[in-house]
There are 2 protein chains.
Amino acid sequence: MVLEIKLALLQMKVVDDKSANIEQAKRMISAASRKGADLVILPEMFNCPYETAKFSQYAELKDDSLTLKSLASICRNNKVHCVAGSIPEISKGKIYNTSFFFDDKGKILGFHRKMHLFDIDVPGEIYFKESDVLSAGNKVTVIDTDLGKIGIAICYDLRFPELARLMTLKGACLLVYPGAFNLTTGPVHWKTLLRTRAIDNQVFVAAASPARDHEASYVAYGHSLVSNPWGDVIVEAGVKEEILYVDLNLEDEEKIRTELPLLKNRRNDIYCLIDKPQKE
Amino acid sequence: MVLEIKLALLQMKVVDDKSANIEQAKRMISAASRKGADLVILPEMFNCPYETAKFSQYAELKDDSLTLKSLASICRNNKVHCVAGSIPEISKGKIYNTSFFFDDKGKILGFHRKMHLFDIDVPGEIYFKESDVLSAGNKVTVIDTDLGKIGIAICYDLRFPELARLMTLKGACLLVYPGAFNLTTGPVHWKTLLRTRAIDNQVFVAAASPARDHEASYVAYGHSLVSNPWGDVIVEAGVKEEILYVDLNLEDEEKIRTELPLLKNRRNDIYCLIDKPQKE
């Protein structure tokens, strides 16, 4: 495990054109790599508008995916690791919201399929039902990389503290959440939840959102950010397309865990969190 | 269960004189009752300075406690329910940090013994080690009252999302945290954690701190507050002694749980949180 990681959050603007999205992702990854990023993070559904009707239309098979091939090549050429936000993935007739992890040789080391599907109905404000078209992943994801163990979860997954805790207990030193909160939940919940997952688990937490686009049917909140293990937001985007850079020093986690031994103080004798991955 | 509760948070200033603290608690409870409070909440260690050396000196047996007798009488006379912050309780030679719940007839309906003991050592900022002198409680506490089911946990217990979740799963419609964060952790963590427990569990969360006293050896943060289930802070104190009033409408929880069905969307098939109370 390295102790210092230069992270780049790619808050890209997603359009209704897969090729254009892929090209823009490639441009942003190259730019971040030129600035020395070790790990780049794309937002949720970076190659597809966040609309249930589009997911099946944009969905790709893992082994025959223009998006994934393009990313493999750009990661290899730029020697950069990548949490590839998420894309609609089709597998055995089911569509998932899936985040792939590429190492700096362009190899897929693992992937996370969104475990919690986002269904919301706040009258007069927002209606969205992922479960109409998507299937849920069935496992907690922590990927063993050259940079350390990285936990990946997607957007609505953030709302479930059990998942952040399990990723931490599996050794993740960085939790990454590609996510697209909206203008109803974003202002109240996004930063608060991300900071709390960092504070509770004494880990770095990074979240990448698409840029805000008021023309889109679902308007993402933006505000990609990184919280350190103490809960300080050490970098935060606005609402427009941009790349954010931040250096993480993983020794900070050890220091905080010594000063305030939260994970050691858990009462695992009283409450016990069990992890039971299911078949997909 | 009633649907509307008038709550009073008693952010009292604690001094190094048990009788004086009891008298002040009684005055504040009476005052809150005159304003129509159904439930009053005292802060952590409201009858004793927050110093490990004082805990044994101030500790009382449940069945022979001046503090508890005084509170029983004031609750009965004023027909008000009370989460009695916490006091050092001695039982079978062990000292606990315990919160008692009184109904409006002055009867103790239950109690919570702090489950997680607070040990912190941030060099140059703060050192405190509860585990030097206190024993930990061994159960999750939800008390069935005329006002509904109320979960109680104390201060450092707040840092463990498992506990808030278990109180919620046991039916608590209000989580109460008497707590004394300090000037290192308070500004960064207090409000964020309280709001997140409310957001994650879609419950009201109320927290009562002692008033800030720069003469004390441990300086409490103050900022007693209530968050609604959406995570909005609906009332928040400053740092001085004061009483805060707020009306809770428990129907808000049902509404939010319908709009955004978080608790229904938990993946209990993947992660399973088990509750195993232990003997004390």
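Since the model is a prediction, treat every value here as computed from it, not as a measurement. A, B, ... follow the sequence lines: proteins, then strands. Residue 1 opens every chain.
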Choice from B:D232, B:L166, B:N138, B:D119 maximising heavy atom contacts with chain A below 4.5 Å: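 Ranked by contacts with chain A, first place is B:N138.
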Distance-minimising heavy-atom pair for B:L260 and A:Y156: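 It is CD1-CE1, 4.1 Å.
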Atom of B:W230, atom of A:T185 and distance for their closest heavy-atom approach: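 Smallest interatomic distance, heavy atoms only, reads CH2-CG2, 4.1 Å.
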Would you call [X] and [Y] a side-chain contact if the rule is heavy atoms closer than 4.5 Å?
| X | Y | result |
| --- | --- | --- |
| A:I270 | B:Q278 | yes |
| B:F160 | A:R267 | no |
| A:E259 | B:D121 | no |
| B:L273 | A:Y271 | yes |

Audit row: A:R197, B:D200, salt bridge (Lys or Arg N to Asp or Glu O under 4.0 Å) steps and yes/no: CA-CA 11 Å; A:R197 302 305 174 235; B:D200 284 350; 2.8 Å; yes
Donor-acceptor under 3.5 Å (A:H116 side chain, B:L262 main chain):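 No: the side chain of A:H116 does not pair with the backbone of B:L262.
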Polar side chain donor-acceptor pair, B:R159 to A:N265, under 3.5 angstrom: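 Absent: no donor and acceptor within the cut-off.
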Which portion of A:N268 sits near chain B, non-hydrogen atoms under 4.5 angstrom: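 Contact with chain B is through the backbone of A:N268 alone.
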State whether the number of non-hydrogen atoms from other residues, nucleotides or ligands found under 6.0 Å of [X] atom [atom1] is greater than 12.
| X | atom1 | value |
| --- | --- | --- |
| B:K276 | NZ | yes |
| A:K139 | NZ | yes |
| A:E254 | CD | no |

Options A:L163, A:I120, A:D275, A:V188, ranked by heavy-atom pairs under 4.5 Å with chain B, top entry: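 Counting heavy-atom pairs under 4.5 Å, the top option is A:V188.
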Close approach to chain A in residues 122-134 of chain B, criterion heavy atom under 4.5 Å: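 Against chain A, the residues of residues 122-134 of chain B that fall inside the cut-off (heavy atoms, under 4.5 Å) are B:V122, B:P123.
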Nearest-0.5 Å distance, OG1 of residue A:T192 to CD1 of residue B:I199: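 Going from OG1 on A:T192 over to CD1 on B:I199, the span is 5.0 Å.
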